[in-house]
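Read through the structure below, which is laid out as structure tokens, and then see the notes.
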There are 2 protein chains.
Amino acid sequence: MEKVTIATVAERAGVSRQTVSNVINTPEVVRAETRERVREAITSLGYRVNQAARQMRTGRSRLIAVRIEPGSDGINGSVLDRFLHGLTDAATLAGYRVMLYTAADDDHEIATYDDLLTAHDLDGFVLTSTHHGDPRTSWLAARDVPFVTFGRPWGAPDTHSWVDVDNAAGTAAATRHLIEAGHRRIGFLGWPAGSGVGDSRRTGWESTMTDAGLTLSAVAAVDGVDAGADAAARFDSAITAVVCASDSLALGALRARPDCAVIGFDDTAVAAAIGLTSVSQPLTEAAARCMDMLTELLDGRAPATPTQLLLPPSLVVRPPRRR
Amino acid sequence: MEKVTIATVAERAGVSRQTVSNVINTPEVVRAETRERVREAITSLGYRVNQAARQMRTGRSRLIAVRIEPGSDGINGSVLDRFLHGLTDAATLAGYRVMLYTAADDDHEIATYDDLLTAHDLDGFVLTSTHHGDPRTSWLAARDVPFVTFGRPWGAPDTHSWVDVDNAAGTAAATRHLIEAGHRRIGFLGWPAGSGVGDSRRTGWESTMTDAGLTLSAVAAVDGVDAGADAAARFDSAITAVVCASDSLALGALRARPDCAVIGFDDTAVAAAIGLTSVSQPLTEAAARCMDMLTELLDGRAPATPTQLLLPPSLVVRPPRRR
DNA sequence: TTGTACGCGTTATCAT
DNA sequence: ATGATAACGCGTACAA
């Protein structure tokens, strides 16, 4: 099992190393016949480019990086994991590999960018969990590092490409579903105001209710089953259904108000397991579109203005059953 | 922001490039005074090694690879995700980065090894989901590629280092807990025989029951809530408690036998959410130990014989509540 | 502590 | 239009 380099291939095919390189990178400049001969040599020898050597010359690594949440557990943590799965698949298809990193906060994350860029020549980043006052995007933009975010730039101008899920459309669909089922007193159990995602989810419910001429009644809680149950207990007793900002909250609502119809958000494993109707984010699709946008940037064929894409979620309706 | 290479540092410190390299890699061969001067130059210039250049010379990338399950979703999928989180942290601490890949089956995975090794000079692998007749370990071993498995080499000799969780101890603890609570008719709801993990989990229950002189009653189902419910319905009606091989099955058992005490396995988010007592795997610990073993191999300071480590799981007891 | 060759692919230049 | 030659990128192994 000798080491196969571009020189081995060149010798076998009876051409120069340069020609082999051309066949790999710019095949159109090589005569068809030569090209074929070289390609045969490549496959018969099982040649593969040495990424380190290529990278040293080109400064590009064909590597992208994504953060993995440190201790992410709990019900909703799985959402980003599912996104990560999709991204790995999409990256592989596009000829990139995914490198993971963890970061305790935005500053650590930026320090990690610096390290990954200088030490590993990372080609690009996919950012998740965007939030108000996010310093990461401006840091990357200032250095002309290609990146895409999964999540809108909350409270900042759309100066980069992003993909997001239309949270408001999700809760709107949930609310409509309940209205069609005959419910009139539909509460909303959400997070404290201030988070972009949470506020959007509330908006979808609120506008749908208002359009239908129905009365609003909302309570808020930090995410979690217990907090959700406590909050749900504060709804006025006329409520017959609840739209929730997460499956965790939905679980709490179910416990506090077993008489109510409840709809969750994220369609987590918990929802599937207990037969909870929930809004499902198209995470695989989102990951694929992020990768599309990123490869456009990396290949220099990105449109002049950044692209924004808002994907519609879907409502996964599960028949109520005795719990 | 000029590009800072080892030459820049050498010039600033008034030494040769080689000395800078020595300070970085074998500081003990450099006189203390010189070492300090070089270190100052490194920090003041913000120098970082170019991994590609280093890699080209050493053939090592300081990269390890782990598979991420393709569409892994559902209740139990999160287990490997949690392991992955821990591994990323541990790898970072050890100065390695984690590269992800997906693979549809063992053959694809082996093809990916080949690619990662030749193209990216991957230093090592952490394998998960070991199983009977696993072809991956022998492929890697035949090529002297450093690797560690999270999971025993089921049905094969212990020729490599591995970390695993003592599944039998987990179900044994669950069973003892139920016995202490006064239960005598304790059933086991597991997977079909043949999977190493599933068989271990059954063994822990079985031996504990036998030691206590209690009667055995077990049913099996493929993993899943519905299948678990169907299977649990087949228990004889005298059963008052059920030990399950997974939280999914436990959920099924709860549905089919709401009168029974049920204990699950894996302590997933679902268990936490619905207050299900479950056996918890020390996944962060397992990941850290895997990384320890792998770095030993990579640094050439591994013991002559491979290391095996069986970690004890813990029982997370949750008070029963009305469901 | 230093000089120098080396790893491997790509870019630039030159020859046909 | 094709192909060959040479230089280059950056850190490290080895000998001096």
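In the text below, chain A, chain B and the rest are named by the order of the sequence lines, each starting its count at 1. FYI, side chains are in, hydrogens and waters are out, and symmetry mates aren't considered; it's all heavy atoms of this structure. Note that the structure is a prediction, hence the values are computed from the model and not measured.
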**Study point:** Main-chain N/O of B/R60 paired with B/D121 side-chain donor or acceptor, under 3.5 Å
**Key:** no

Review point. So, is A/K3 close to the C/dC8 phosphate, meaning a side-chain N or O under 4.0 Å from OP1 or OP2?
Key: yes

Practice item. Check whether any side-chain nitrogen or oxygen of A/Y47 sits under 4.0 Å from OP1 or OP2 of C/dG9, and answer yes or no. Key: yes

d([atom1], [X]; [atom2], [N]) in whole Å:
{"X": "A/N25", "N": "C/dT11", "atom1": "CG", "atom2": "P", "value": "7 Å"}
{"X": "A/Q18", "N": "C/dC8", "atom1": "CD", "atom2": "C1'", "value": "13 Å"}
{"X": "B/I6", "N": "C/dT2", "atom1": "CD1", "atom2": "C1'", "value": "13 Å"}
{"X": "B/D121", "N": "C/dG7", "atom1": "CG", "atom2": "P", "value": "14 Å"}

Revision key, fill the gap. Per nearest nucleotide of DNA chain C, the residue lying toward the 5' end, B/N22 or B/R57, is B/N22

Practice item. Can you spot which of A/Y113, A/W139, A/F147 makes a ring-ring contact (aromatic ring centres under 6.0 Å, His included) with A/F125? Key: A/Y113

Exercise for review: With the side chain counted from C-beta on, respond yes when B/T112 and A/T92 share a heavy-atom pair under 4.5 Å apart, and no when they do not.
Suggested key: no

Exercise for review: Step through the shown structure and confirm whether more than 12 heavy atoms of other residues, nucleotides or ligands are within 6.0 Å of CD on B/E296.
Suggested key: yes

Review point. Using a cut-off of 4.0 Å on non-hydrogen atoms, how would the nucleic acid contact of A/T19 be classed: base, sugar-phosphate, or nothing?
Key: sugar-phosphate

Practice item. Record whether the side chain of A/R17 comes under 3.5 Å of the base of C/dT10 through a donor-acceptor pair of N or O atoms. Key: yes

Review point. Between B/R67 and B/Y101, is NZ or CZ placed under 6.0 angstrom from the six-membered ring centre and within 45° of the ring axis?
Key: no

Point to revise | A/S16 vs B/R48, nearer the 5' end of DNA chain D by closest nucleotide | key: A/S16

**Study point:** 5'-most by nearest nucleotide on DNA chain D - A/V30 or B/V4
**Key:** A/V30

Review point. First contact, last contact: which nucleotides of DNA chain D are these for chain A, 5' to 3', heavy-atom distance under 4.0 Å?
Key: D/dT2 to D/dC10

Review point. Would you call B/D114 and B/R143 a salt bridge, taking side-chain N to carboxylate O under 4.0 Å as the test?
Key: no

Point to revise | Identified side chain to side chain donor-acceptor pair (under 3.5 Å) partner of A/W162 from the options A/D158, A/T159, A/D164 | key: A/D158

